[in-house]
Every structure is written in C-alpha cells, then in structure tokens.
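Reviewing the structure listed below.
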Amino acid sequence: MDYQKIFTEILKKMDGYKDSGSPASYIPELRNVDSSKFGVHLITNTNENYSLGDSEEKFSIQSISKVLSLVMAYRLEDKDLWKRVGVEPSGTPFNSLVQLEYDQGIPRNPFINAGALVVCDVLVDHFENPKEEFLNFVRSLSGNSKLEYCSRIAESEKSTSYRNAALINLMKDLGNIRNDINTVLDFYFNLCSIEMTCRELARTFLFLASYGIDPITKERYLSSSKSKRINAVMQLCGFYDEAGEFSFKVGLPGKSGVGGGIVAILPNQYCIAVWSPRLNKKGNSSKGMKFLELFTSETEASIF
C-alpha cells in the first residue's frame, strides 16, 4: 500500500479543516508550542518508513509514556499488578479525585493520572534507580541511545502539580502507594517529560504491533499474551474519556498525550505516530484524531 500517497491525499482533504483547539495550557512549557505544527510517521513490521510534515521535530510525549511504564510493571508483577490498578475505562476526567475516592484508592486504569502514579510506585519498589531503568528501556525500544528526560518540562509540570499531589496523597492514605510520595512524583514528572519525534515514537511502539517482539531486532519484550492485554487497555482507555470515540472513528489501539501526540498500531502491519499540538476539550489532539480517522477509512484497515 502506498502510504506516502495516502498521507498526501488525506492532508489535501483536510485543507478546510478548522482546528479550533489549543495547546495544553496547564503545563507552562507546553502552552508555548507552535500550534501550527503537524507531523506523521508510519513504520511497518518490515521496516518500511513513511513520513509527512514535522515528523522529525521533537515534542513532549507526556501520557504516551504511561504505556511503556505499564509494560515494565506488567513484566515485573504479572497478574498481581491488577490488584492495585484496574483495566476499565474511567468515564471521567483523567485527574478525577471523586472517582478515586469512590473506588477506595484503586484507579480505574493505568493511563489516568492516578493509575500511572501507582505504576510508578511499582517501579520504585523494584528498582534502586527507576528513572535510569525506565530511560534505558525506552532507549532500547526506540533504537536511540541518546534519548533523555527534559528537565525543563518536568520542572514545569511539577510547578503546577497540585492535582497530582492530591491524587497520590489520597492513595497513600488509602494504602495504595508504598513509597515516598515525592520520589514517586519526581519519577512520574520525568517519565512524562521525554521528547521524541514521530519517527522515534512510532519505532518505539512497533513491538506492540508484533505481539511483543520487535520485528526488526527480533528481541522479545513481552509475551504475546501480555502484549494482547496491553493493546486491549490502549483500546479501552488510551484516550481518557474519549476512548470510545477513538475506537468508533479510528478503530485502532492507541494512546494520546497532552503534548499533542498520538500513537496507534495495527497488529501484524504497522505503528503510526501523529503530532498536532492543538487539543480538544477531552485533552486529545483534534487534528491528529481527524487524520487517523480519515487514514483508517482510506486504507479500509482497522482491528474491526
């Protein structure tokens, strides 16, 4: 399939698309991003690459990194992980305190903020230096040994992290956080601060399009069973309380971040990453979602 031609045709169709969203404003470093940026990169399981637009410009992947921390925690804890965090769509904003208290400190899924904080707590349990271990894992997946945390973005997020502090204190009080709160929060802010290009992001997630095996290096990162379950959680919970809309319109497992990035996979075929900083009211890239909707319609390929 000529993905390059399809990319160009879709962008032409979107000439009149009015992107009325705006970059994330609650993290100071993200509100200054050029909102006109747009990039897309697709990598197939046979290592064919297709790009368009600003696909080689780095951006903050934010919550997309939560999939990778979940993979690490799942490998370490196996099914015991699900005693501390669920796999259900939240149906409420990703930083809801009301739902967390109602559920007695057990987050609905690993991709809302509370769930990601629990996953970070699990990794702090297992590693003496979780930040180093996580970064090495992401470098291995991406094939880029020079990836780094962005201290500027991490500090910016930390400066306005009152809701995250409230979430983790509530879970600590309810017995679902075992380590020092500040240690877990610091890891969380750094985890979200990693910057990647669309090309790097698509390459990083390619193993989930091949049942846990990197189809290029042949290294196995997850069992096929665990990979299936990670993809299922992305399908159900990867877009905050807009996951149903993404499934309905796009039909691929994926994950978004408030930096404007979206990564999605089609098993046995490809991984695609899109970046456009303007977010809709649910916190997802509005232009990115529209592009992927048109892409799966044009290619007539989804998991459904």
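Values in this document were obtained by computation on a predicted structure and should not be read as measured data.
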> Is there a donor in the side chain of K228 and an acceptor in the side chain of S225, or the other way round, less than 3.5 Å apart?
Replying inline: no
>> More than 12 heavy atoms of other residues, nucleotides or ligands under 6.0 Å from OH of Y102: yes or no?
In response: no
>> Tell me if the aromatic rings of Y3 and Y270 count as close, with their centers under 6.0 Å from one another.
In response: yes
> Quick check: does any side chain N or O of N113 sit under 3.5 Å from a backbone N or O of A116, one acting as donor and the other as acceptor?
Replying inline: no
> Is there a side chain to side chain contact (heavy atoms under 4.5 Å, CB included) between L70 and L81 once you walk through the steps?
Replying inline: CA-CA 9 Å; L70 174 63; L81 179 64; 3.7 Å; yes
> Quick one: do K131 and D186 make a salt bridge, cutoff under 4.0 Å?
Replying inline: yes
> Can you check whether G257's main-chain N or O pairs, donor with acceptor, with S63's side chain at less than 3.5 Å?
Replying inline: no
> Among pairs that include at least one residue of residues 243-269, which meet salt bridge (Lys or Arg N to Asp or Glu O under 4.0 Å), considering only residues two or more places apart or in two chains?
Replying inline: E245-K249
> Does some side-chain heavy atom of F59 sit less than 4.5 Å from a side-chain heavy atom of V33?
Replying inline: no
>> Could you measure the distance from the CG atom of L208 to the CG atom of L222? Nearest 0.5 Å is fine.
In response: 6.5 Å
> Roughly how far, to the nearest 0.5 Å, is the CD1 atom of I194 from the CD1 atom of I153?
Replying inline: 10.5 Å
> Counting distance only, does the side-chain N/O of D103 pair as donor-acceptor with the main-chain N or O of G105 below 3.5 Å?
Replying inline: no
> Could D214 and R203 be called an ion pair, given the rule that one side-chain N must be under 4.0 Å from one carboxylate O?
Replying inline: yes
>> Assess whether a salt bridge exists between K13 and E298, defined as any Lys/Arg side-chain N lying under 4.0 Å from an Asp/Glu carboxylate O.
In response: yes
> So does E29 pair up with R152, basic N to acidic O under 4.0 Å?
Replying inline: yes
> Hey, mind stepping through K158 and N164 against side chain to side chain donor-acceptor pair (under 3.5 Å) and telling me if it holds?
Replying inline: CA-CA 9 Å; K158 183 179 180 180; N164 286 325; over 6 Å; no
>> What verdict does the side chain to side chain donor-acceptor pair (under 3.5 Å) test give for S51 and E56, after you've listed the backbone C-alpha separation in whole Å, the side-chain angles of each residue and the deciding distance to 0.1 Å?
In response: CA-CA 9 Å; S51 295; E56 298 291 348; 4.7 Å; no
> How far apart are the C-alpha atoms of E200 and K58, what are their side-chain angles, what is the distance that settles it, and do they pass the salt bridge (Lys or Arg N to Asp or Glu O under 4.0 Å) test?
Replying inline: CA-CA 9 Å; E200 290 167 341; K58 288 187 180 291; 2.8 Å; yes
>> Which Ile, Leu, Val, Met, Phe, Trp or Tyr residues join L279 in one cluster when any pair of side-chain heavy atoms under 4.5 Å counts as a link?
In response: Y26, I27, L30, F94, I112, Y240, V258
>> Taking side-chain contact (heavy atoms from CB on, under 4.5 Å) as the criterion, tell me which of C271, P215, P267 meets it with N45.
In response: P215
> side chain to side chain contact (heavy atoms under 4.5 Å, CB included) between K226 and D78: does it pass, once the steps are laid out?
Replying inline: CA-CA 9 Å; K226 283 186 170 66; D78 199 23; 2.7 Å; yes
>> Closer than 4.0 angstrom, basic N to acidic O: yes or no for D80 and K83?
In response: yes
> Less than 4.5 Å apart, any side-chain heavy atom of E88 and any of L236?
Replying inline: no
> Heavy-atom distance under 4.5 Å between the side chains of L185 and I181, does that happen here?
Replying inline: yes
> Do F189 and S161 come within less than 4.5 Å of each other through their side chains, counting heavy atoms only?
Replying inline: yes
>> Please determine whether side chain to side chain contact (heavy atoms under 4.5 Å, CB included) holds for the pair T197 and D54, giving the CA-CA distance in whole Å, both sets of side-chain angles, and the decisive distance to 0.1 Å.
In response: CA-CA 8 Å; T197 66; D54 303 303; over 6 Å; no
> Does any non-hydrogen side-chain atom of H41 lie less than 4.5 Å from one of Y50?
Replying inline: no
> Are any of the side-chain nitrogens in R139 or E148 under 4.0 Å away from the carboxylate oxygens of its partner?
Replying inline: yes
>> Is it the case that the ring center of Y74 lies less than 6.0 angstrom away from the ring center of W82?
In response: yes
> Is the F295 ring parallel, tilted or perpendicular to the F7 ring (thresholds 30°, 60°)?
Replying inline: tilted
> When rounded to the nearest 0.5 angstrom, what is the spacing between OH in Y221 and OG in S227?
Replying inline: 13.0 Å
>> Among V250, V40, L292, exactly one meets side-chain contact (heavy atoms from CB on, under 4.5 Å) together with I262. Which residue is that?
In response: L292
> Do you see a donor-acceptor pair shorter than 3.5 Å between the side chains of E77 and H126?
Replying inline: yes
> Linking I/L/V/M/F/W/Y whenever their side-chain heavy atoms sit closer than 4.5 Å, directly or via other members, would Y188 and M196 fall into one cluster?
Replying inline: yes
> Roughly how far apart are M14 CE and K12 NZ, rounded to 0.5 Å?
Replying inline: 15.0 Å
>> When you compare the side chains of N176 and Q104, does any donor N or O come within less than 3.5 Å of an acceptor on the partner?
In response: no
>> Between S297 (side chain only) and E293 (backbone N and O only), is there a donor and an acceptor less than 3.5 Å apart?
In response: yes
> Can a donor-acceptor pair be found between the side chains of S60 and Q62 at a distance below 3.5 Å?
Replying inline: yes
>> What verdict does the side chain to side chain donor-acceptor pair (under 3.5 Å) test give for D241 and S90, after you've listed the backbone C-alpha separation in whole Å, the side-chain angles of each residue and the deciding distance to 0.1 Å?
In response: CA-CA 6 Å; D241 49 332; S90 62; 5.8 Å; no
>> Measuring only between side-chain heavy atoms, which start at C-beta, is V119 closer than 4.5 Å to L117?
In response: no
> Are any non-hydrogen side-chain atoms of N109 and P89 less than 4.5 angstrom apart?
Replying inline: no
> Between D125 and N179, do the side chains contain an N or O donor and an N or O acceptor separated by less than 3.5 Å?
Replying inline: yes
>> Quick one, E157 and C192 - any side-chain contact, counting heavy atoms below 4.5 Å?
In response: yes
> In Å, rounded to the nearest 0.5 Å, how long is the span from CD of Q99 to CD1 of I106?
Replying inline: 12.5 Å
>> Can a donor-acceptor pair be found, under 3.5 Å and without considering hydrogens, that links the side chain of S65 to the backbone of I61?
In response: no
> Using the benzene-type ring in the case of Trp, are the ring centres of F134 and F127 under 6.0 Å apart?
Replying inline: no
> Strictly by modelled atom types, are R199 and S55 linked by a side-chain donor-acceptor pair under 3.5 Å?
Replying inline: no
